[in-house]
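Working notes, beginning with the structure itself.
Below, all heavy atoms of this structure are taken into account, side chains as well, without hydrogens, waters or symmetry copies. Note on naming: letters A, B, ... go to the chains in the order of the sequence lines (proteins, then strands), and numbering restarts at 1 for each one.
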Amino acid sequence: MCAVYHKYLRLDHLPHIWCPGCGNGIVMGAFIRAMEDLKYDQNEVVVVSGIGCSGRISGYLDFNTLHTTHGRALAFATGIKAAEPRLKIFVFMGDGDATAIGGNHLIHACRRNIDMTAIIINNCTFGMTGGQFSPMTPKGKKASTAPYGTVERNFDIPALAQAAGATLVARVGIYQVNLLRELIVKASHHKGFALLEVISQCPVNYGRRNQMGDPAEMLEDQKGIIKSAGLGQGLENYFGQIFQSEQPEFIEEYNKMIVQAQKKGGCDV
Amino acid sequence: MVKPKLMQGNECCALGALAAGVRFFAGYPITPSTEIAEIFSKELPKLGGVFMQMEDEIASLAAVIGASLTGKKAITATSGPGFSLMQENLGFAAVAEVPCVIVNVMRLGPSTGMPTLPAQSDVMQARWGTHGDHSVIALAPSSVKEAFCLTVRAVNLAERYRVPVVLLMDEVIGHLRERVVFQPDEKVVQWERKQCLNPKSSQPFEETADGIPPFFSFGGEYRHHVTGLVHDESGFPTSQREGISRLIRRLHYKITQHLSDIVQVEEFFVDDADVLIIAYGSTARSAQAAVVRAREEGKKAGLLRLITLWPFPEKEVSTAAVNKKAVIVPEMNMGQLALEVARVLPDKNLLFPINRVDGELVTPDEILSVMGRIY
Amino acid sequence: MSKLWKVRLSGKGGQGLITASIVLADAAIRFGKNAVQTQSYGPESRGGACRGEVIISDQNIYYPKISHPNLLVCMSDTAVKTHAGFLAGDGILIIDETLVTQTRPIKSQFYKVPITGLCREKLGQDIYANMVVLGAIIRITEVVPENVVLETFQDYFSLEMLETNLQAFTIGLKAGEKAIKRFGEFSA
């Protein structure tokens with residue numbers, strides 16, 4: 001197994017910057033194992049990331065990698081995919097990255113149903129800047145900018161993505177690491193915009209403020225976090241549950257339009 | 001196309017981009033640049049290219065940069081409010097050295113301002129709009145035909161210097177329709193970005209003799225990392241002080257050591273002139289009219305028309321200003337380029353700015369009246 | 001050297017005056033002249049103040065805007081109020097008699113043409129008024145020969161729209177003819 005990691009990691013750029021107990025490494029590990037299943041040529045894969053702790057994933061993985069501006073990862077990825085559709089695109093974002101500053105890009109990527117896999121690592125906080133509350137911090141939880149607990153509600157990412165038009169949506173807990181690997185494979189095989197929300201933990205900047213114990217205890221408590229978000233009934237089954245539908249994919253539809261336009265013909269240049 | 005044709009500035013801009021090899025456009029509708037997007041939406045699919053209408057201008061430039069990273073020539077077009085939103089990713093393109101062209105058809109601001117009225121008030125924003133020290137090139141066309149030629153040049157400069165290039169058109173030129181003639185011997189020359197030939201002996205952000213690193217494209221044979229963080233020559237983040245300084249300095253000198261290739265000005269009766277007008281964009285047309293009329297009256301006026309605004313043509317301006325009794329700088333703003341002119345003039349008292357901020361083009365009469373007062 | 005024309009077509013958004021100014025500029029270029037066309041309009045697609053301008057010359061045209069037109073067409077009261085005062089001393093003023101309520105002569109070369117009325121009466125719709133205007137201009141000023149304008153039409157109108165626009169143009173030519181006669185009586 002070690003050889004697999006070596007194949008997909010830029011070893012000279014390790015060790016990573018993440019704190020002990022962070023979930024980002026677990027997600028990266030699952031991603032690498034999924035790559036081993038998918039067997040893509042590394043030159044044909046682009047990993048795009050935003051800003052924040054999760055944004056650093058792109059630097060450690062040995063593919064074409066792009067570490068973009070905060071929240072804009074999906075917009076950059078859209079340009080790459082539209083310009084070079086044969087490339088396989090994976091986008092990593094944090095919860096603040098994807099749902100706060102990048103919320104608009106997120107819903108429009110869903111709406112376009114452009115063929116790529118987006119992974120939101122949700123640790124319920126802006127970890128890199130020191131633990132401010134994010135749109136994914138459950139109501140009442142403490143953050144460096146919510147010393148009395150947040151008064152805002154959080155998003156339900158899968159519901160948001162589904163309503164916005166994403167055609168594969170799933171939520172998975174970080175302890176379900178084998179399921180995560182399977183979902184990444186499934187998402188990549190899916191034709192259209194696939195979004196995975198991975199519930200992760202930030203023991204240093206979120207857990208510590210909310211007396212959630214050590215990383216292992218936080219993993220234990222994950223189901224509870226989702227429950228406290230007030231996401232409706234049957235939450236125990238929410239992990240790994242998949243919404244999938246077949247809808248026209250952006251690149252395919254665009255190519256149809258090209259055929260139509262070229263029939264009309266005659267460029268002025 | 002030898003036959004004279006009535007063409008619009010925005011139209012020529014889009015056609016120039018296509019002629020320069022642009023095959024990717026992403027943008028967001030905004031007056032007065034929208035015609036550019038409309039033409040791309042019609043023509044790019046015919047050429048197998050990509051037109052994307054994004055959710056905002058931030059996403060537009062992000063998509064353009066993404067496309068450019070795959071090796072495609074890519075462009076976006078906007079106006080002031082959209083240009084403000086693009087500043088974030090303009091900085092990314094500057095530090096990650098991703099070739100791209102941003103057309104800004106300037107309208108009166110700040111904020112929503114006057115969407116349909118012209119201004120030239122984004123001159124400083126084009127240079128310093130994004131945070132941090134960075135390099136940028138900005139060009140300003142004064143005619144419809146020049147909108148074509150300078151768009152071609154903007155694409156070429158972006159590719160050659162791996163830098164964002166801003167085409168600063170104003171609403172007057174963007175919407176102007178006039179007679180355009182392309183001679184049969186006029187050919188569009190395309191410059192290509194320097195490609196990485198051997199990854200073993202070169203790095204994606206290496207310090208080459210000309211300051212411009214070879215380009216590794218996504219989907220090519222060599223994998224690499226692109227980041228908006230300060231990075232070393234390999235492209236990976238660095239916090240090593242020397243490496244940080246080396247990158248920021250190189251971003252500057254890769255432009256400043258090629259001024260002779262980048263900077264263009266046009267002289268109009270400058271040599272024997274007593275009074276020099278320095279103008280750009282549509283205001284230069286008023287200045288030309290003023291020079292012609294002044295000469296008819298026996299007054300020795302001349303015009304130095306700036307085609308390249310950034311890097312500022314310091315040498316050309318200071319040379320042209322030698323022995324002049326006065327230097328008039330008409331602009332549709334409160335005096336932005338005038339600040340640069342003042343910086344290089346030997347005597348600041350020689351400078352006479354004319355500032356119009358009511359959404360109307362400076363008239364030749366206004367320039368002549370200032371000239372009358374001083375000469 | 002023939003005359004330098006500074007044409008301003010003023011009225012409201014939706015009257016098609018910007019299109020008319022574009023067709024005029026294009027025709028002038030086909031005729032071998034130099035021409036520039038500019039426009040000024042507000043946020044409204046319909047109803048706001050709007051103008052299209054054309055300069056036609058044998059020389060280079062540097063300054064592309066018009067301070068004092070020598071041919072002014074006004075298609076609304078507001079247009080008369082805003083622009084008539086800027087008409088050059090020897091300029092021609094054409095007003096749409098249907099829409100402009102103030103019809104006493106403002107300048108010596110003053111032509112009244114019931115542009116919108118004719119359009120409505122003969123073609124059943126106002127939307128072709130811009131080509132009626134163009135017809136009237138061509139007959140009154142002869143700035144560009146009629147056949148060159150007709151040739152230009154092919155590039156601007158789809159086959160379905162071409163016929164009616166040609167009719168509108170012809171209506172304008174005739175109306176221009178009539179206005180010249182009225183002007184004759186008027187000045188006599």
Where does [X] contact chain A at under 4.5 Å (heavy atoms): side chain, backbone, both or neither?
X: Phe218(B); result: both
X: Tyr222(B); result: backbone
X: Val64(B); result: neither

(request) Below 4.5 Å from any heavy atom of chain B, which atoms of Asn255(A) appear? Answer side chain, backbone, both or neither. (result) neither
(message) Taking side chain as everything from C-beta outward and backbone as N, CA, C, O, which of these in Leu87(A) sits under 4.5 Å from a heavy atom of chain B? Side chain, backbone, both or neither.
(response) side chain
(request) Take Arg10(A) and Phe236(B) through the test side-chain contact (heavy atoms from CB on, under 4.5 Å) and record every step on the way to the result. (result) CA-CA 11 Å; Arg10(A) 288 164 168 154; Phe236(B) 288 92; 3.4 Å; yes
(message) Looking at Arg112(A) and Glu55(B), is any side-chain nitrogen of the basic one under 4.0 Å from a carboxylate oxygen of the acidic one?
(response)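 Salt bridge flag = yes for Arg112(A) with Glu55(B).
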(request) Kindly say whether the aromatic ring centers of Phe51(B) and Tyr254(A) come within a distance under 6.0 Å. (result)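 Ring centroids of Phe51(B) and Tyr254(A) are no less than 6.0 Å from each other.
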I want to check something: taking the side chain as every heavy atom from C-beta on, are [X] and [Y] in contact at a cut-off of under 4.5 Å?
X: His67(A); Y: Val226(B); answer: no
X: Met54(B); Y: Thr78(A); answer: yes
X: Arg72(A); Y: Glu88(B); answer: yes

(request) Given side-chain contact (heavy atoms from CB on, under 4.5 Å), test His105(A) with Ile58(B) step by step and report yes or no. (result) CA-CA 9 Å; His105(A) 310 305; Ile58(B) 301 171; 4.2 Å; yes
(message) Heavy-atom pairs under 4.5 Å with chain A: which of Leu61(B), Leu69(B), Thr70(B), Ile39(B) has the most?
(response) Thr70(B)
(message) Quick check for you: among Ser234(B), Ala26(B), Ser60(B), Ala63(B), which has the greatest number of heavy-atom pairs under 4.5 Å with chain A?
(response) Ala63(B)
